[in-house]
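Side-chain atoms are counted along with the backbone in the values below, which use heavy atoms only and exclude waters and symmetry mates. Below, read A as the first sequence line, B as the second, and so on, with proteins coming before strands; counting in each chain starts at 1.
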Amino acid sequence: MRPLDLDYMLGLVPVLLKYVPLTLAMASVAMVLALLLASLMAIVRVMRVPLLDGLTQVFISFFRGTPLLVQLFLFYYGLPQVFSFLTAINGVTAAIMGITLHFAAYMAESIRAAILGVDRSQWEAARSVGMTTAQMMRRIILPQAARIAAPTLVNYFVDIIKSTSLAFTLGVTELMGAAQKEAAGSFLYFEAFILVAIIYWVIVEALTVVQRQLEARLGKAVAR
Amino acid sequence: MISVRGLTKRFGDNTVLDGIDLDIRSGERVAIIGPSGTGKSTLLRSLNFLEKPDEGTITIGPVTVDARRLRVAEELALRRQTSFVFQNYALFANMTARDNIAEGLITVRGWDRARANARAEEILATIGLADKAQSYPAALSGGQQQRVGIGRAMAAEAEIMLIDEPTSALDPEWVDEVLQLLKRVADARQTMLIVTHEMQFARDIADRVLFMDGGRIVEQGPPERMFSDPEDPRTRAFLRKVL
Ligand SMILES: Nc1ncnc2c1ncn2[C@@H]1O[C@H](COP(=O)(O)OP(=O)(O)OP(=O)(O)O)[C@@H](O)[C@H]1O
Ligand SMILES: [Mg+2]
């Protein structure tokens with residue numbers, strides 16, 4: 001066993017930390033887009049909108065049924081060969097697109113379950129007051145579904161953060177890509193990768209703390 | 001003015017409403033009594049299309065709807081002529097007591113928030129819950145929740161208030177406060193159609209009592225006569241059991 005090169009690791013910390021903002025930005029954009037898309041798909045499925053419901057089911061089935069890495073390669077390397085207007089797409093955009101669609105498929109199912117988990121009496125009360133379906137969804141059902149789905153959705157955000165590391169396979173120098181480059185130069189693979197692992201770990205743990213506070217606050221308003 | 005003709009509702013081959021005809025004058029307070037499972041709730045729920053009737057026409061105020069040719073716009077228009085008080089209160093769980101009352105004024109009647117809040121606070125004072133304006137339903141007793149439910153229905157100022165067994169989900173200790181509030185709503189001559197198992201209450205507030213059995217209105221009349229001298233043997237058998 002060789003000793004760890006701690007000096008090298010310490011020196012690497014600021015180098016790698018510079019890439020944390022990009023990782024968080026990619027994850028946040030993907031999360032917001034995935035949430036929007038997933039909510040739309042969940043509503044389409046709950047309302048059984050003709051045609052769209054079927055398409056949504058196929059979409060969800062495909063993006064849950066195939067590996068994210070395959071989807072990313074398909075978007076970045078594959079699609080531009082078929083649709084030439086996509087050749088200008090860069091790695092960051094392709095990664096965000098792929099991660100968005102992949103996680104939207106998962107999140108749609110949790111949001112759908114959460115919507116169906118809102119008590120029937122809430123739907124009837126909203127209808128009895130004279131609300132349109134859109135008003136009922138926006139004012140009564142979705143806010144309550146959001147509380148039911150919140151813990152699961154935060155878990156998906158954690159997954160999304162970790163999944164952005166796959167962007168390095170599309171040539172993006174993000175956190176993982178930077179660690180890979182550093183390691184290739186120094187040959188100190190263990191030091192570089194254990195450090196990048198610790199950075200992801202700290203980010204995710206920090207998020208878990210936020211999640212707990214969020215749940216405590218939301219819990220107060222819905223406690224029965 | 002409410003006018004119902006030939007209202008029919010089936011669940012599969014179970015005919016739950018069997019051609020109901022019913023007229024209610026403005027300001028009239030009508031109580032429905034009858035055994036369990038005879039379609040009392042279904043009648044109320046069909047009047048505002050929480051349940052889709054199969055046949056019949058419903059006129060409430062200026063809106064007339066034919067169940068067989070129903071459009072979404074008509075359904076909404078009809079609901080805006082009615083308000084509903086649920087057995088299990090069904091308050092919006094994500095909203096405070098005040099917002100439960102103000103919500104319909106804002107989203108359905110298009111009031112601005114300040115005006116709706118002011119009106120909701122007036123109503124809260126009327127129902128004796130001014131100090132609970134910011135409480136969520138989960139923090140209210142059953143009786144308080146049902147009073148907010150009634151407040152929400154009052155805010156709608158609908159042509160008719162439909163009320164389904166407002167006290168049967170309540171612990172006995174809360175029944176009185178809810179009945180007293182409903183009595184005040186009735187005294188204000190709000191047109192109402194109320195399903196109740198509280199016979200004394202029906203006798204007190206109703207101008208007319210309907211006895212339903214097997215999806216039909218078997219007998220109806222002023223409460224004095226209905227309770228003291230019912231004509232139909234089914235009414236007599238029912239009243240013998242509950243009185
Ligand atoms: N959604 C439904 N699907 C199938 N059958 C139903 C449904 N709702 C009601 N029914 C049936 O319709 C009949 C009338 O029910 P309803 O709830 O109107 O009776 P009710 O007179 O209000 O009884 P209760 O006094 O117990 O409240 C019952 O036989 C019931 O089983
Ligand atoms: Mg009933």
ask   = Between Met95(B) and Ile140(A), does a side-chain contact (heavy atoms from CB on, under 4.5 Å) hold up when you go through it step by step?
value = CA-CA 9 Å; Met95(B) 292 184 182; Ile140(A) 310 298; 3.7 Å; yes
query = Does atom CZ of Phe83(A) have more than 12 heavy-atom neighbours, drawn from other residues, nucleotides or ligands, at distances under 6.0 Å?
reply = no
task = Look at atom CD of Gln81(A) and say whether more than 12 heavy atoms of other residues, nucleotides or ligands are closer to it than 6.0 Å.
result = no
note = Here the pair of heavy atoms bringing Thr107(B) nearest to Met131(A) is OG1-CE, 3.9 Å
Which value, rounded to the nearest 0.5 Å, describes the distance between [X] atom [atom1] and [Y] atom [atom2]?
X	Y	atom1	atom2	result
Phe49(B)	Arg127(A)	CZ	CZ	13.0 Å
Arg152(B)	Ser128(A)	CZ	OG	5.5 Å
Phe92(B)	Met136(A)	CZ	CE	10.5 Å

inquiry  = What part of Thr132(A) gets within 4.5 angstrom of chain B, counting heavy atoms only: side chain, backbone, both, or neither?
reply    = both
query = Between Arg138(A) and chain B, which part of the residue has a heavy atom less than 4.5 Å away: side chain, backbone, both or neither?
reply = neither
request  = Given side-chain contact (heavy atoms from CB on, under 4.5 Å), test Arg45(B) with Glu124(A) step by step and report yes or no.
outcome  = CA-CA 10 Å; Arg45(B) 293 163 54 80; Glu124(A) 296 203 330; 2.7 Å; yes
message = side-chain contact (heavy atoms from CB on, under 4.5 Å) for Arg139(A) and Asn94(B)? Distances and angles first, verdict last.
response = CA-CA 9 Å; Arg139(A) 305 284 305 164; Asn94(B) 58 323; over 6 Å; no
task = Give, as side chain, backbone, both or neither, the part of Glu75(B) having an atom under 4.5 angstrom from any heavy atom of chain A.
result = neither
query = For Phe86(B), is it the side chain, the backbone, both or neither that has a heavy atom under 4.5 Å from a heavy atom of chain A?
reply = side chain
Interface residue of largest heavy-atom contact number with chain A, from Asn88(B), Leu78(B), Leu76(B), under 4.5 Å = Leu76(B)
message = Quick check: do Arg79(B) and Val129(A) have side-chain heavy atoms less than 4.5 Å from each other?
response = no
